[in-house]
Amino acid sequence: MKNQEVSKILKEFAELYEMQDEPFKPRAFERASESVAALNRDVSEIYKAEGLSGLEKIQSIGKGIAERIEEYLKTSKIKEYNQLKKNFPVDIAELSSIEGVGPKLIKNLYQKLKIKNVADLEKAARAGKLKGLPRMGEKLEAKILKGIEFKREGGGRFALGEVLPVARMIRERLLKIPGVEAIEIAGSIRRFEETVGDLDFLAISEKPEHITEAFAKMSDVAHIYASGDTKVLVRLKIGIDADLRVLPKKSFGAALQYFTGSKDHNVEVRKLAIKKGWSLNEYGLTQGKKIIASASEKEIYEKLGMPQVPPPEIRLNKGEIEAALKHNLPRLIGYGDLKGDLQTQTSWTDGKNTIEEMVREAEKIGHEYIAITDHTKSLAMTGGADEKKLERQMAEIDKLQKKFSNIKILKSAEVNIMRDGSLDIDDKTLAKLDVVGAAVHSLFNLTKKEQTERIVHVMSNPNVDILFHPTGRVINKRKPYEVDIEAIIKQAKRTGTILEIDGHPWRLDLKDEHIRLAREAGVKMVIDTDAHSVTELHYLEYGIAQARRAWCTKDDIINTRPLKEFLSCLK
Ligand code: DGT
Ligand code: CA
Ligand code: CA
Ligand code: ZN
């Protein structure tokens with residue numbers, strides 16, 4: 001499977017071009033990189049089956065990029081890439097995973113200080129050597145050190161969005177092996193945890209050695225730790241471990257239950273078994289030698305007195321077992337329940353696709369509405385809109401709308417919150433928009449009191465419908481700013497401001513615990529993607545999963561409603 005490799009090299013192309021100040025190529029290569037990472041087919045298989053024209057059919061991939069992918073698939077290298085790389089022999093992916101470090105800085109770091117990786121960067125920052133670089137000060141130096149520290153605290157866990165597509169692709173490929181009856185992804189991925197330590201696969205097969213062999217031989221494997229008849233443990237090239245266990249059909253339910261976890265959930269479930277004089281492990285629910293249940297999760301939960309199976313997302317021992325025993329689990333929001341997307345950026349600011357391309361993709365997904373929420377002027381580096389630019393965009397949307405009869409394009413913006421809790425767009429212009437989101441993008445270091453006050457103040461603005469990504473965190477990259485989330489929830493309730501569940505897999509903000517607090521307070525939320533490209537419009541699943549983890553029903557999330565009803569929920 002080559003998707004991850006190809007996606008990574010395309011991303012590096014984008015960054016190398018950006019270092020060279022190329023105008024359009026960086027965004028084009030980034031779009032292509034995302035598109036390949038999200039494919040549910042292997043690029044090398046596409047190429048084998050359909051050649052160059054097959055590659056060109058992939059979304060966001062034109063002739064030039066297709067040819068480079070072809071070169072890579074045929075020769076395992078790309079000449080132009082190697083040339084670009086000669087000037088910058090640095091670990092771009094690792095360096096740019098640090099908050100505050102982008103292509104321009106990487107270029108400077110290498111040219112001025114010969115910094116090639118994060119270890120070099122940390123050393124230079126600790127020695128106070130970064131301060132002297134152009135556009136670099138003590139503040140940025142401190143921010144970089146913090147970023148390095150924060151990443152280390154994450155303990156090398158991967159963001160769910162980095163590994164879910166990989167796990168799914170591996171599953172698809174293993175399913176094709178003769179004799180394999182079923183494959184499931186278990187563990188933290190099945191529970192949609194925001195970060196993942198390792199991948200857990202379970203398979204049913206009467207000929208386990210076929211599948212264990214194929215698993216160990218996958219081209220994605222970097223190292224085999226252990227390989228037995230029914231069990232394999234490997235490290236993948238992307239840097240995460242993966243294990244596979246093969247089981248007979250009769251104990252698959254028990255194994256799936258056990259390896260889905262969470263550990264805390266399992267401990268409680270096992271206590272129920274013990275109370276009945278039974279035991280529960282990965283092979284089954286048993287009484288001495290007698291098997292009580294083992295083939296399906298449903299049977300196991302039923303025998304333990306639970307007429308409902310708690311969905312994997314909520315198996316956290318946070319009340320789901322008690323509720324399931326009483327047949328009292330809520331009907332969680334479903335993965336197909338959303339009718340529209342409410343945060344999307346376009347090429348008007350820092351998005352990578354035009355409004356039209358975004359709307360067309362949203363229509364394909366089946367949305368009834370999509371809000372175009374480009375940034376506003378104080379976010380200058382994105383080309384943020386001022387009042388005039390917003391007026392121009394509104395006129396453009398009116399024109400575009402005529403081409404689309406199945407989807408409503410909502411005029412909107414992601415309006416920047418200023419230090420004092422005012423906005424950088426006047427109220428007269430805001431009033432003309434269909435829906436307004438407000439967001440913090442600067443001054444992350446205010447005290448908790450100052451940060452909370454500024455946000456609480458903006459929520460009292462009658463034009464502000466939604467508070468976007470309320471805590472500002474970026475997984476593995478940036479801590480949330482200090483903020484009193486309970487005060488924000490209270491203010492949301494008081495002012496009728498909707499809180500966003502930003503489903504972008506690097507954000508997931510609100511996070512599950514906060515969603516739960518908001519739901520319990522009766523605050524309404526929306527789930528959206530924060531998409532910056534057509535590929536990212538498919539991220540709703542991640543947001544929905546977090547809402548499910550917080551026990552949300554359809555009613556808690558207002559973009560489950562049709563357009564008119566949705567609009568009537570706004571201020
Ligand atoms: P991760 O990999 O850190 O993201 O989290 P998990 O939940 O995938 O954990 P992992 O891979 O260590 O184990 C997979 C599942 O196996 C876990 O969710 C529950 C089950 N499990 C593993 N070790 C134990 C254990 O010692 N006791 C119990 N009850 N269950 C366990
Ligand atoms: Ca795991
Ligand atoms: Ca594991
Ligand atoms: Zn934003």
Side-chain angles (χ1 to χ4, degrees), residues 151-171 174 183-203 211-212 215-216 218 220-228 230-236 238-247 251-275 278-286 293-294 297 300-301 304 306 309-318 320-321 475-476 505-506 508 511-513 542 545-546 548-549:
K151 198 178 166 201
R152 192 170 295 140
E153 281 169 20
R157 293 179 69 82
F158 281 63
L160 177 63
E162 291 177 278
V163 292
L164 180 62
V166 179
R168 283 184 175 157
M169 178 94 61
I170 290 176
R171 174 172 183 271
L174 295 177
I183 307 266
E184 290 300 339
I185 304 166
S188 47
I189 294 198
R190 186 159 183 244
R191 303 194 312 274
F192 276 87
E193 296 281 345
E194 58 186 46
T195 64
V196 173
D198 77 348
L199 314 184
D200 304 285
F201 295 94
L202 301 177
I211 178 165
T212 50
F215 187 79
M218 293 186 300
D220 335 50
V221 170
H223 176 75
I224 302 170
Y225 297 110
S227 175
T230 59
K231 235 163 110 171
V232 198
L233 182 55
V234 301
R235 163 148 297 210
L236 299 180
I238 57 167
I240 195 166
D241 293 344
D243 56 49
L244 168 73
R245 294 176 189 80
V246 193
L247 305 132
S251 47
F252 197 65
L256 188 56
Q257 198 284 324
Y258 182 91
F259 290 109
T260 296
S262 68
K263 272 176 200 141
D264 291 347
H265 174 88
N266 285 357
V267 166
E268 287 308 304
V269 172
R270 188 176 305 129
K271 279 187 198 159
L272 292 176
I274 291 167
K275 244 197 234 161
W278 301 336
S279 62
L280 176 65
N281 59 27
E282 59 267 52
Y283 304 104
L285 182 62
T286 51
S294 68
E297 285 190 324
I300 293 169
Y301 282 101
L304 291 172
M306 287 173 264
V309 178
E313 296 94 324
I314 65 168
R315 295 188 197 166
L316 299 163
N317 191 29
K318 288 191 180 161
E320 75 281 4
I321 295 170
I475 290 173
N476 282 350
W506 287 106
L508 303 180
K511 65 182 285 169
D512 50 6
E513 291 161 32
Y542 294 98
Q546 298 313 308
R548 286 169 61 85
R549 290 169 63 77

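For ligands, and for the atoms within them, numbers begin at 1 and follow the listed sequence. None of the values given here were measured: they were computed from a predicted structure.
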Item to check | Worked check of side chain to side chain contact (heavy atoms under 4.5 Å, CB included) between K231 and D243 | outcome: CA-CA 7 Å; K231 235 163 110 171; D243 56 49; over 6 Å; no
Item to check | Beyond-backbone contact of D220 with I238, side-chain heavy atoms, under 4.5 angstrom | outcome: no
Checklist entry - Any idea which part of R191 is under 4.0 Å from ligand 1, heavy-atom wise: side chain, backbone, both or neither? => result side chain
Checklist entry - Do L236 and I170 have side chains that get closer than 4.5 Å, going by heavy atoms? => result yes
Checklist entry - When you measure from the centre of the six-membered ring of F192, is the NZ or CZ of R548 under 6.0 Å away and within 45° of the axis? => result no
Checklist entry - Looking only at heavy atoms, which two atoms of E313 and R549 are closest? And how far apart? => result O-CG, 3.3 Å
Next on the checklist: Please report whether ligand 1 has a polar contact with G197, defined as an N or O pair separated by less than 3.5 Å (distance criterion only).
Outcome noted: yes
Checklist outcome for this item: min-distance protein heavy atom vs atom 6 (P) of ligand 1 -> S188 N, 3.7 Å
Next on the checklist: Ignoring waters, how many N, O or S atoms from the protein are under 3.0 Å from the Ca ion (ligand 3)?
Outcome noted: 4
Checklist outcome for this item: Counting heavy atoms under 4.0 Å, the part of T260 that contacts ligand 1 is backbone
Checklist entry - What residue and heavy atom of the protein are closest to atom 3 (O) of ligand 1, and at what distance? => result R157 NH1, 2.9 Å
Next on the checklist: Is the shortest side-chain heavy-atom distance between I189 and D200 below 4.5 Å?
Outcome noted: no
Checklist entry - Just wondering, do Q257 and L280 contact through their side chains at under 4.5 Å, heavy atoms? => result yes
Item to check | atom 20 (C) of ligand 1: nearest protein contact (heavy atom, Å) | outcome: Y258 O, 3.2 Å
Checklist outcome for this item: Of all heavy-atom pairs linking I183 and A203, the shortest is CD1-CB, 3.7 Å
Checklist entry - Under 4.5 Å between any side-chain heavy atoms of N476 and F158, yes or no? => result no
Checklist entry - Checking side chain to side chain contact (heavy atoms under 4.5 Å, CB included) for the pair F215/V246: CA distance, chi angles, key distance, verdict? => result CA-CA 11 Å; F215 187 79; V246 193; over 6 Å; no
Next on the checklist: Please report whether atom 9 (O) of ligand 1 has a protein non-hydrogen atom at a separation of less than 4.0 Å.
Outcome noted: no
Checklist entry - So which heavy atom in the protein is nearest atom 29 (N) of ligand 1, and how far is it from that ligand atom? => result R270 NH2, 3.3 Å
Checklist entry - If every non-hydrogen atom of P310 is compared with every non-hydrogen atom of E320, which pair is closest and at what distance? => result CB-CG, 4.0 Å
Item to check | S262-ligand 1 polar pair, N/O distance under 3.5 Å | outcome: no
Checklist entry - Where is the tightest heavy-atom contact between A159 and P505, given as atom of each residue plus distance? => result CB-O, 4.4 Å
Checklist entry - For D198, is at least one N or O under 3.5 Å away from an N or O on ligand 1? => result yes
Next on the checklist: Using a 4.0 Å cutoff against the non-hydrogen atoms of G187, which atoms of ligand 1 qualify?
Outcome noted: 8 (O)
Item to check | Closest protein heavy atom to atom 15 (C) of ligand 1, given as residue, atom name and distance to 0.1 Å | outcome: F259 O, 3.2 Å
Item to check | For atom 17 (C) of ligand 1, closest protein heavy-atom neighbour | outcome: G261 CA, 4.0 Å
Item to check | Presence of salt bridge, R190 and E297, under 4.0 angstrom | outcome: yes
Next on the checklist: Please list, in number order, the atoms of ligand 1 under 4.0 Å from a heavy atom of D200.
Outcome noted: 8 (O), 11 (O), 14 (C)
Next on the checklist: For atom 22 (C) of ligand 1, what's the nearest protein heavy-atom neighbour? Residue, atom name and distance, please.
Outcome noted: K263 CE, 3.5 Å
Checklist entry - Within the distance-only criterion (no hydrogens, no angle test), does the side chain of T212 pair as donor or acceptor with the backbone N or O of T230 below 3.5 angstrom? => result no
Checklist entry - Going by the order shown, which atoms of ligand 1 are within less than 4.0 Å of some heavy atom of V196? => result 4 (O)
